[in-house]
Amino acid sequence: MLFAPDTVESLDFVVALANTSPDSSRSGADELATVEQLAAMLTRFTYTGRIDHDQAELDDVRETRTLLRSVWVLERDDAVEVVNRMLREAKALPFLARHDSLDWHMHATSPDAPLAERIRAEVALALTDVIRMNEMGRLRICEADDCEGLVLDLSRNGSKRFCTVRCGNRMNMIAFRERQAGA
């Protein structure tokens with residue numbers, strides 16, 4: 001494993017969050033358009049603490065989605081600037097926490113901080129591991145022609161190319177048809 005479990009969980013969350021945008025969602029629609037859709041996402045990922053379940057929170061999380069999509073594709077040195085800014089803006093003070101069924105992991109803000117701020121701070125902590133280990137190449141955009149989905153490549157040889165099996169199968173079928181047509 002390249003990263004600590006809480007780092008992987010935060011990075012997986014970024015992928016899931018970012019891939020709700022219209023250019024990368026399965027449906028082609030914004031899959032984070034309602035407070036209910038945000039609530040459903042939060043049942044799949046563990047975010048404890050304050051959750052307001054209102055439009056303002058949704059808007060802030062959607063802005064965070066845009067920010068995280070942009071930092072995902074930055075070069076290492078450029079990502080450092082954004083990560084440091086996210087930590088500074090959150091007034092992050094990292095600490096170890098253990099709660100619910102989770103073992104010791106990092107938090108950086110108070111459980112009373114707004115959800116989007118906690119998301120940005122925890123993802124920033126995860127990205128510090130990626131940056132420190134010089135593994136920004138593990139954060140990619142799907143190679144499918146018509147997909148902008150984020151890819152977290154945790155494979156041993158760093159060869160993951162597609163955000164989902166669906167995109168991989170589709171691109172393989174296109175390549176197969178092109179080979180058949182050329183034969």
Side-chain angles (χ1 to χ4, degrees), residues 1-21 24-25 31-32 35-141 149-154 160 163:
M1 179 184 304
L2 293 172
F3 305 114
D6 56 329
T7 296
V8 172
E9 185 176 332
S10 290
L11 297 173
D12 282 340
F13 177 76
V14 174
V15 170
L17 177 65
N19 290 348
T20 62
S21 64
S24 56
S25 70
E31 294 178 353
L32 192 64
V35 172
E36 292 77 23
Q37 288 172 318
L38 176 57
M41 172 169 271
L42 295 175
T43 63
R44 293 185 1 233
F45 294 91
T46 306
Y47 271 91
T48 58
R50 174 180 162 195
I51 300 177
D52 296 337
H53 298 287
D54 62 16
Q55 188 64 42
E57 180 175 73
L58 174 64
D59 293 343
D60 200 14
V61 170
R62 288 168 50 105
E63 285 179 31
T64 297
R65 173 180 70 180
T66 301
L67 171 66
L68 297 178
R69 282 187 70 78
S70 70
V71 74
W72 197 260
V73 296
L74 292 176
E75 294 295 321
R76 185 177 183 214
D77 290 350
D78 296 327
V80 168
E81 291 179 39
V82 177
V83 167
N84 282 339
R85 188 181 73 237
M86 288 191 301
L87 290 169
R88 222 177 12 259
E89 289 173 354
K91 296 173 186 69
L93 184 59
F95 61 94
L96 289 167
R98 181 168 56 187
H99 53 82
D100 304 319
S101 62
L102 302 173
D103 199 4
W104 291 111
H105 59 283
M106 295 291 290
H107 281 282
T109 57
S110 163
D112 296 332
L115 175 63
E117 180 178 303
R118 291 193 327 267
I119 290 170
R120 289 188 299 270
E122 290 184 20
V123 170
L125 286 177
L127 290 171
T128 62
D129 285 348
V130 175
I131 291 165
R132 289 173 43 230
M133 294 180 74
N134 197 19
E135 292 289 353
M136 289 296 290
R138 299 288 182 153
L139 313 180
R140 302 192 188 111
I141 300 293
L150 297 191
V151 175
L152 172 60
D153 183 0
L154 298 177
K160 186 173 179 181
C163 63

[X] versus [Y], closest heavy-atom pair with distance:
X    : Y    : value
V35  : L58  : N-CD2, 3.7 Å
R65  : A18  : CG-CA, 3.9 Å
N19  : C163 : ND2-CB, 4.4 Å
A121 : T109 : CB-CG2, 3.7 Å
L32  : R62  : O-NH1, 2.9 Å
A16  : T20  : O-CG2, 3.3 Å

Answer whether the closest heavy-atom distance between the side chains of [X] and [Y] falls below 4.5 Å.
X    : Y    : result
S24  : R69  : yes
P94  : L125 : yes
H99  : H105 : yes
V14  : L127 : no
M86  : L68  : yes
T128 : L87  : yes
L67  : R85  : yes
W72  : V15  : yes

Point-to-point distance, once rounded to the nearest 0.5 Å, from [atom1] of [X] to [atom2] of [Y]:
X    : Y   : atom1 : atom2 : value
L152 : L11 : CG    : CG    : 5.5 Å
M106 : T7  : CE    : OG1   : 9.0 Å
R76  : D78 : CZ    : CG    : 12.0 Å
D100 : T46 : CG    : OG1   : 7.0 Å
L102 : D6  : CG    : CG    : 9.0 Å
Y47  : L42 : OH    : CG    : 8.5 Å

Could you check whether the rings of F13 and F45 sit parallel, tilted or perpendicular, using 30° and 60° as the cut-offs?
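It falls in the perpendicular class, over 60°.
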
With a 3.5 Å distance limit and no angle check, can you tell me whether [X] reaches the backbone of [Y] through a side-chain donor-acceptor pair?
X   : Y    : answer
R98 : D103 : no
T43 : A40  : yes
E9  : P5   : no
R50 : A113 : no
E31 : S25  : no

Within 6.0 angstrom of Q55 CD, more than 12 heavy atoms from elsewhere
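More than 12 heavy atoms, drawn from other residues, nucleotides or ligands, come within 6.0 Å of this atom.
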
Salt bridge (Lys or Arg N to Asp or Glu O under 4.0 Å): which pairs involve residues 104-127, sequence neighbours left out?
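Those involving residues 104-127 are D60-R120.
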
Using the side-chain contact (heavy atoms from CB on, under 4.5 Å) rule, pick out the option among L38, V61, L150, V123 that qualifies with L17.
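Single side-chain contact (heavy atoms from CB on, under 4.5 Å) partner of L17 among L38, V61, L150, V123: V61.
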
Full working for side-chain contact (heavy atoms from CB on, under 4.5 Å) between V151 and I141:
CA-CA 6 Å; V151 175; I141 300 293; over 6 Å; no

